[in-house]
Amino acid sequence: IYLDSKRIPSDVAPYIKPKVNFTMVPVRVISQGLGAHVHWDQKAQTVTVQKSGAGIVLTVGQNTAMVNGEPVPLDAPPEITSGRTMVPLRFIAESLGLQVRWNAANRWIQLNSKPGQELKGAWVSTVYSLDWPSEQSYGKPEVQKQEFIDLLDDLQSIGLNAVFVQVRPSADALYPSKFVPWSKYLTGEQGKDPGYDPLAFMIEETHRRGMEFHAWFNPFRASVDAKTEGLAANHVAVQHPEWVVTAGGKMYINPGIPAARQHIIDAIMEVVRNYAIDGVHLDDYFYPSGTAFDDDKTFKAYNPKKIKDKGDWRRDNINEFVKSLSSAIRAEKPGIAFGISPFGVWRNISTDPTGSNTNAGAQTYDDMYADVRTWIRQEWIDYVMPQIYWSLSFSRARYDTLVEWWAKEVEGRNVTLYIGHAAYKLGTSETGWQSADEIINQLKYNENWPQVRGDVFFRAEDLRSNKLGVGDALRAFYE
């Protein structure tokens, strides 16, 4: 059992009652973890829990509890197991105002007493060796393992309960794959076996701490530059150069080619099938923004729907990719989360009257061709995590304005909203980022919107280095 990201020691483990399929938990352990007073009456076989003026009375064998003097039916009656009073999880959580996350793959119960803090995560970038592993660790498995252990320890000490680790930085892999080569960020050479399975190790270490591991994929980036030298023989740019478009000095897999899209889905599904990940996470690498993308021939060759406008056709390509990947994940492992982190502005209000009251220089719908609204309304994704990388005082794209817009966008949909925060901007000259209070004030603002269920910070190193004291500030906030 984990309460507010901290493991609660218990001499009796939770268990699932057969047939009725209810999870039973020790009432004293959870209640005292919240600072409640618990009294056991041996003669009456009754336990009383009192917290903040609320009172709960449960009697062993009785299908009804008393909550603040009112009878409440129970899914299953309390029972004694190894000297502990066990009660239905759903009842005790609702009665004490807790949010519950049940992790079926790892058989965890995660309880949260603070609204909006279900998920507290950090992106861990492997491209350019930004967060992990370091260049000094290339080809040294034990050094890489210790670096990742230290990273997890640091993030958990801050109060985080999830990591989003970049396992596909550039059409490659941090795991043995049948579809793509080993990443060069493990050994310094693409395609070279690092001597262990980094993904398996990272998942095991993350889960050991009761933290969630989300596998982060860059879907369409083929390489960080336009060079083919140094690419492994089984890299997509070598095997299928006809699938690759060079734009802005980087290589991208062309989203307009159905076989290319399927290749990416196959690579992602390899991880879904073979590893106990908690989620599949995509960033906003769809079509590149701010640069020409040469796909005129593709537009003519692969347009079975006869879409006339190329922008609409590009968005349809990405929609087909998201829809197909969603279907594949849910068919294989419906219990894991599938989410996307788009650029923070869908469309400015000057472009679309239903857009946000912003004046951003880019728009995810028009520049990345990411039709996020459709993904939400069709519920192809389980969560959306917009990158709201501006401060509360940045007039062209205010943080609060965008949180409100996204909160209303998910309202009534079975899609959870998490917010991506720009910890990397702390200490820069951009408006609002001269103090770590900016991040804390953003988290406080989120409390106004019950749709916001968690936060993720870009990126791990900015928290670990305690830039402008942000690590300390978050640790205090999450206490």
Side-chain angles (χ1 to χ4, degrees), residues 1-9 101 103 105-110 112 117-138 140-169 173-175 183 185-186 194 196-217 271 275-281 336-337 385 418 420-421 423-424 439 454-467 470-479:
I1 307 170
Y2 291 85
L3 173 62
D4 292 331
S5 303
K6 295 173 183 164
R7 185 169 182 166
I8 305 177
R101 286 167 71 88
N103 189 308
N106 300 298
R107 300 178 70 82
W108 301 333
I109 298 163
Q110 293 175 312
N112 200 321
Q117 293 185 19
E118 283 184 24
L119 185 83
K120 299 173 288 186
W123 278 288
V124 179
S125 299
T126 58
V127 69
Y128 302 118
S129 306
L130 289 174
D131 290 316
W132 181 88
S134 69
E135 290 186 11
Q136 293 73 26
S137 75
Y138 283 180
K140 301 173 183 177
E142 295 309 311
V143 176
Q144 291 181 358
K145 290 178 182 180
Q146 189 59 50
E147 284 184 355
F148 193 74
I149 288 171
D150 293 344
L151 180 148
L152 289 178
D153 287 346
D154 289 347
L155 295 180
Q156 189 168 41
S157 75
I158 289 170
L160 304 192
N161 62 10
V163 287
F164 291 73
V165 180
Q166 191 176 35
V167 300
R168 175 192 167 91
L174 272 72
Y175 52 90
S183 174
Y185 299 114
L186 295 167
Y196 75 116
D197 185 338
L199 180 53
F201 171 79
M202 290 189 290
I203 293 171
E204 181 180 359
E205 282 298 323
T206 304
H207 287 168
R208 191 194 307 278
R209 290 162 175 74
M211 299 174 72
E212 293 185 3
F213 186 98
H214 295 255
W216 163 22
F217 298 85
V271 173
Y275 294 90
I277 59 174
D278 299 294
V280 169
H281 179 76
I336 72 171
M385 191 189 296
Y418 304 126
H421 297 263
Y424 75 97
I439 292 287
D455 305 272
V456 179
F457 304 94
F458 189 84
R459 54 186 173 85
E461 181 57 31
D462 297 293
L463 304 187
R464 298 181 71 199
S465 65
N466 201 25
K467 187 181 287 187
V470 67
D472 294 336
L474 285 172
R475 189 176 290 109
F477 181 81
Y478 286 137
E479 276 290 321

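Everything numeric in this text was worked out from a predicted model, so none of it was measured. For this chain, numbers begin at 1 and follow the sequence in order.
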(message) How close do Ala173 and Leu186 get, counting heavy atoms only, and between which atoms?
(response) O-CD1, 4.1 Å

(request) State the CG-CG distance between Asp462 and Asp131, to the nearest 0.5 angstrom. (result) 7.5 Å

(request) Would you check if Phe213 and Met202 make a side-chain contact, meaning some heavy-atom pair closer than 4.5 Å? (result) yes

(message) Do Trp123 and Val165 have side chains that approach each other closer than 4.5 Å (heavy atoms only, starting at C-beta)?
(response) no

(message) Measuring from atom CD of Gln156 to atom CZ of Arg7, what distance do you get when rounded to the nearest 0.5 angstrom?
(response) 10.5 Å

(message) Just verifying a value: how many Å separate Ile158 CD1 and Asn466 CG, rounded to the nearest 0.5 Å?
(response) 7.5 Å

(message) For the CG atom of Leu199 and the CG atom of Leu174, what is their distance to the nearest 0.5 Å?
(response) 7.5 Å

(request) Taking all heavy atoms of Ile203 and all of Ala276, pick out the closest pair and write down the distance. (result) CG2-O, 3.7 Å

(message) Let's go through Val163 and Trp216 carefully: what are the C-alpha distance in whole Å and the side-chain angles of both, what is the deciding distance for side chain to side chain contact (heavy atoms under 4.5 Å, CB included) to 0.1 Å, and is it a yes or a no?
(response) CA-CA 9 Å; Val163 287; Trp216 163 22; over 6 Å; no

(request) State, with a plain yes or no, whether a side-chain heavy atom of Tyr185 is found less than 4.5 Å away from one of Pro169. (result) yes

(request) Give a yes or no on whether the backbone of Ser137 and the side-chain of Ser134 come within a donor-acceptor separation of less than 3.5 Å. (result) yes

(message) Is the shortest side-chain heavy-atom distance between Arg464 and Leu155 below 4.5 Å?
(response) yes

(request) Would you check if the side chain of Ser465 reaches a backbone N or O of Glu461 as a donor-acceptor pair within less than 3.5 Å? (result) yes

(message) To check you understand the geometry: which heavy-atom pair defines the closest contact between Tyr275 and Ala200, and what is its length?
(response) CE2-N, 3.8 Å

(request) Output yes when a side-chain donor or acceptor of Glu118 lies under 3.5 Å from a complementary backbone atom of Gly454, and no otherwise. (result) no

(message) Is the shortest side-chain heavy-atom distance between Phe201 and Pro141 below 4.5 Å?
(response) no

(request) Decide, yes or no, whether a salt bridge links Arg475 with Glu479 under the criterion of side-chain N to carboxylate O below 4.0 Å. (result) no

(request) Could you check if a side-chain atom of His214 sits within less than 4.5 angstrom of a side-chain atom of Leu119, using non-hydrogen atoms only? (result) yes

(message) Determine whether a donor-acceptor pair (N or O, by modelled atom type, separation under 3.5 Å) exists between the side chain of Glu205 and the backbone of Leu152.
(response) no

(message) Looking at Gly210, is its backbone amide N or carbonyl O close enough to the side chain of Gln110 to form a donor-acceptor pair, meaning the two atoms are under 3.5 Å apart?
(response) yes

(request) Determine yes or no for a side-chain-to-main-chain donor-acceptor pair under 3.5 angstrom, with Asn161 supplying the side chain and Met211 the backbone. (result) no

(message) Could you report the tightest heavy-atom contact between Pro133 and Ser129, atom names first, then the distance?
(response) O-CB, 3.3 Å

(request) Hey, could you give me the CH2/OG distance between Trp132 and Ser125, rounded to the nearest 0.5 Å? (result) 12.5 Å

(message) For Val124 and Phe164: C-alpha separation, side-chain torsions, deciding distance, then whether side chain to side chain contact (heavy atoms under 4.5 Å, CB included) applies.
(response) CA-CA 6 Å; Val124 179; Phe164 291 73; over 6 Å; no

(message) Using the rule side chain to side chain donor-acceptor pair (under 3.5 Å), only one of Arg101, Lys120, His207 pairs with Glu212; which is it?
(response) Arg101

(request) Side-chain contact test, heavy atoms from C-beta onward, threshold under 4.5 Å: evaluate it for Asp4 versus Asn112 and give yes or no. (result) yes

(request) Please report the closest heavy-atom contact between Ala122 and Leu463, naming both atoms and the distance. (result) CB-CD1, 4.3 Å

(message) Checking Tyr196 against Gln144: is there a side-chain donor and acceptor pair closer than 3.5 Å?
(response) yes

(request) Output all residues satisfying salt bridge (Lys or Arg N to Asp or Glu O under 4.0 Å) with Asp278, sequence neighbours left out; order by chain, then residue number. (result) none

(request) Any chance you could measure Phe457, atom CZ, to Ile439, atom CD1, to the nearest 0.5 Å? (result) 6.0 Å

(request) For Lys145, enumerate each residue passing the salt bridge (Lys or Arg N to Asp or Glu O under 4.0 Å) test, keeping only those at least two apart in sequence or located in another chain. (result) Glu142

(request) Any chance you could lay out the salt bridge (Lys or Arg N to Asp or Glu O under 4.0 Å) test for Arg209 and Asp153, step after step, and finish with the verdict? (result) CA-CA 9 Å; Arg209 290 162 175 74; Asp153 287 346; 2.9 Å; yes

(request) Report yes if some heavy atom in the side chain of Val271 is under 4.5 Å from a heavy atom in the side chain of Arg168; otherwise report no. (result) no

(request) Check the pair Tyr2 / Ile8 against side chain to side chain contact (heavy atoms under 4.5 Å, CB included), numbers first and verdict last. (result) CA-CA 6 Å; Tyr2 291 85; Ile8 305 177; over 6 Å; no

